[in-house]
Amino acid sequence: MSDAPVFPQGFLWGAATAAHQIEGSPLADGAGPSIWTRFAHTPGMMLNGDTGDVACDHYNRWKDDVKLMRELGLQAYRFSVSWSRILPEGTGRVNQKGLDFYSRLVDELLANGIEPLLTLYHWDLPAALDDRGGWLNRDIADWFAEYGSVLFRALDGRVKKWVTLNEPWVVTDGGYLHGALAPGHRSRFEAPIASHNLMRAHGAAVKAYREIGKHEIGLVVNIEPKYPATDSAEDQAAVRRAHAYMNEQYLHPALLGHYPPELKEIFGEAWPEWPAEDYALIKQPLDFVGINYYTRSVTKAATSYPLNTGVVKQPLGTYTETGWEVFPQGLTDLLLWFKQTYGDLPVYITENGAAFFDPPTADVDAAGNRRVRDPLRMDYLRKHLSAIHDAIQAGVDIRGYMLWSFLDNLEWSLGYSKRFGMVHVNYGTQERTPKDSARWYSEVIRTHGRKL
Ligand SMILES: OC[C@@H]1[C@@H](O)[C@H](O)[C@@H](O)c2[nH]c(CCc3ccccc3)c[n+]21
């Protein structure tokens, strides 16, 4: 018997995508525009002027994509719904054709033995709601619960694992503090308001689910371990700020009912005092938490806005195309921290993967088959799955793994320049080619991890 890790019986092996990154046809069949259709068509916002107008054309190719998921042996598929396909104005009128697209997708997944994990919000806010203040308007908690309820009523039962938000930290940090992501705001004062309303909306949707749904719902966060660059008091304090700002800012209110004290220190007069009823709304019992893990940060004190921290590049480190250090041990450390801090809530790794250079077109091997060799990605995935297994052995209740991503896709404002897919997409022809990592991952799934 090899000493390769064997994962628990029932461990759920899958892959993940998000609507705006793969679907294309953002305005088809009565869909309303989202903040990403606007952002992508705002000159200067997107690398190479790339947009999500076509992406991977999944809106038209969904049936073949599900067939490919089955051929590769995926047991689950994490995807997101585009809010403005369902409610073109964000609230009120339901666009039945938009709902039908996702209903058909769910049925096709189930018909192929693939469990759907549905994310309600993966960053593509209806533009009509942004016009009404978006995440800065406290009413968005009700708007989001209304949107979630339409989907809960239509799909619960076929969908048994729901996620409210994907990465409220990125929505806030990218969309409201630094402005690199839609809606492109840059305000130390708006960021805490957006962040808090995201979590109020999360709570309102979970409350609505408990009235309508009969299965499981959770929250997905991107978290990364922060290691001090030196043991100086300044660097230790910088780690405390960075850890609170990314790792505790969302999990603490959702699971513990309060924010970490560092946020008031970081935002100063820009950190409002929130009413008690907000904390009660946010802290709804969850069935699981999804953790998106990519890298770690070696953190030092620095002059930066507003954290006053910096990340120290590791001279002997290995880095991905997005400049993230490959550090699998960080995932084990993070999962142990999660268990120690929040207890035994079930965890799914809802995203993990890497962009390494892949060619725009697949090679053709001696046998005439298309092929994409991606040894660096295989090595990254192998090491991170091994790190997850270490955490399971240490007692962390990890229920599944969703590889980011099923397809090469639109990497937000980086356009199509970064390829995270286990399946290569030729954007000129829309041809899909499973990379070597996909073939390897199929074997890992088939052997419950023995082929790691
Ligand atoms: O960047 C790769 C993926 C995105 O394509 C997903 O949509 C998003 O859920 C996601 N989150 C992260 C980690 C947080 C992060 C996102 C964007 C930029 C920097 C950090 C990496 N990713």
Side-chain angles (χ1 to χ4, degrees), residues 14-23 34-36 39-40 45-47 50 52 55-56 58 77-82 117-125 163-182 184 195 198 218-226 242 245-247 249-251 289-297 299 307 309 311 319-327 330-331 334 348-356 358 377 380-381 384 401-423 425:
T17 65
H20 193 74
Q21 295 182 267
I22 66 165
E23 289 177 358
S34 76
I35 55 175
W36 274 94
F39 196 75
M45 296 296 119
M46 304 284 283
L47 189 65
D50 289 343
C56 308
H58 178 75
Y77 173 55
R78 176 179 175 237
F79 64 98
S80 77
V81 172
S82 179
L117 277 79
L118 189 154
T119 303
L120 292 175
Y121 187 73
H122 201 125
W123 307 358
D124 47 354
L125 184 73
V163 166
T164 54
L165 302 173
N166 179 75
E167 301 186 341
W169 181 88
V170 178
V171 177
T172 302
D173 187 82
Y176 289 88
L177 186 63
H178 296 296
L181 302 176
S195 183
L198 276 154
L219 171 69
V220 166
V221 290
N222 61 290
I223 52 180
E224 66 179 50
K226 314 290 182 181
Y245 178 61
M246 180 183 277
N247 301 335
Q249 181 171 193
Y250 303 95
L251 288 174
V289 162
I291 291 176
N292 294 354
Y293 178 84
Y294 289 87
T295 189
R296 69 159 174 178
S297 283
T299 301
L307 275 175
T309 63
V311 177
Y319 286 80
T320 71
E321 286 279 298
T322 48
W324 299 341
E325 186 189 359
V326 178
F327 196 77
L331 180 47
L334 194 68
Y348 288 86
I349 306 302
T350 34
E351 285 180 31
N352 175 244
F356 289 106
D358 294 321
R377 181 173 292 104
Y380 176 99
L381 296 171
H384 285 80
Y401 177 84
M402 306 295 135
L403 193 156
W404 185 271
S405 176
F406 173 61
L407 296 172
D408 290 336
N409 60 52
L410 178 71
E411 181 50 33
W412 304 109
S413 45
L414 294 178
Y416 298 98
S417 68
K418 307 297 176 211
R419 292 175 178 267
F420 279 87
M422 58 188 270
V423 173
V425 176

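Numbering of ligands and ligand atoms starts at 1, following listing order.
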Against Tyr245, only a single residue in Thr309, Asp173, Thr172 fulfils side-chain hydrogen bond (donor to acceptor under 3.5 Å, both in side chains); can you say which? Asp173
Which of the ligand 1 atoms, numbered from 1, are nearer than 4.0 Å to a heavy atom of Glu411: 1 (O), 2 (C), 4 (C), 5 (O)
Strictly distance-based, threshold 3.5 Å: is any side-chain N or O of Ser413 a donor or acceptor partner for the main-chain N or O of Met46? no
When distances are taken from atom 9 (O) of ligand 1, the protein heavy atom at minimum range is Glu351 OE2, 2.7 Å
How close does the nearest protein non-hydrogen atom get to atom 12 (C) of ligand 1, and which residue and atom is it? Tyr294 CE1, 3.3 Å
Atoms of ligand 1 close to His122 [distance to a heavy atom under 4.0 angstrom, numbered from 1]: 6 (C), 7 (O), 8 (C), 9 (O)
When you look for heavy atoms under 4.0 Å from ligand 1, do you find them on the side chain of Asn409, its backbone, both, or neither? neither
Proximal atoms of ligand 1 relative to Val170 (non-hydrogen, under 4.0 Å): 14 (C), 15 (C), 16 (C)
Just heavy atoms, cut-off under 4.0 Å: does Trp412 contact ligand 1 by side chain, backbone, both, or neither? side chain
When you check the side-chain N and O atoms of Tyr294 and Asn222, is any donor under 3.5 Å from an acceptor? no
How long is the span from the CD1 atom in Ile22 to the CG atom in Leu410, to the nearest 0.5 Å? 11.0 Å
Within the 4.0 Å heavy-atom shell around Trp123, which atoms of ligand 1 are there? 8 (C)
Is it true that Thr320 and Thr322 share a donor-acceptor pair across their side chains at a distance under 3.5 Å? yes
For Phe356, check ring-ring contact (aromatic ring centres under 6.0 Å, His included) against everything at least two apart and list the hits. none
Between Tyr250 and Ser195, is there a side-chain donor-acceptor contact under 3.5 Å, judged purely by atom types and distance? yes
Would you say Trp324 contacts ligand 1, with heavy atoms under 4.0 Å as the rule? yes
Assess the side chains of Glu23 and Ser82: does a donor N or O sit below 3.5 Å from an acceptor N or O? no
Does any N or O atom in Gln21 lie less than 3.5 angstrom from one in ligand 1, N or O only? yes
Going by the order shown, which atoms of ligand 1 are within less than 4.0 Å of some heavy atom of Asn166? 9 (O)
Regarding ligand 1, does Asn222 bring an N or O atom to under 3.5 Å of one of the ligand's N or O atoms? no
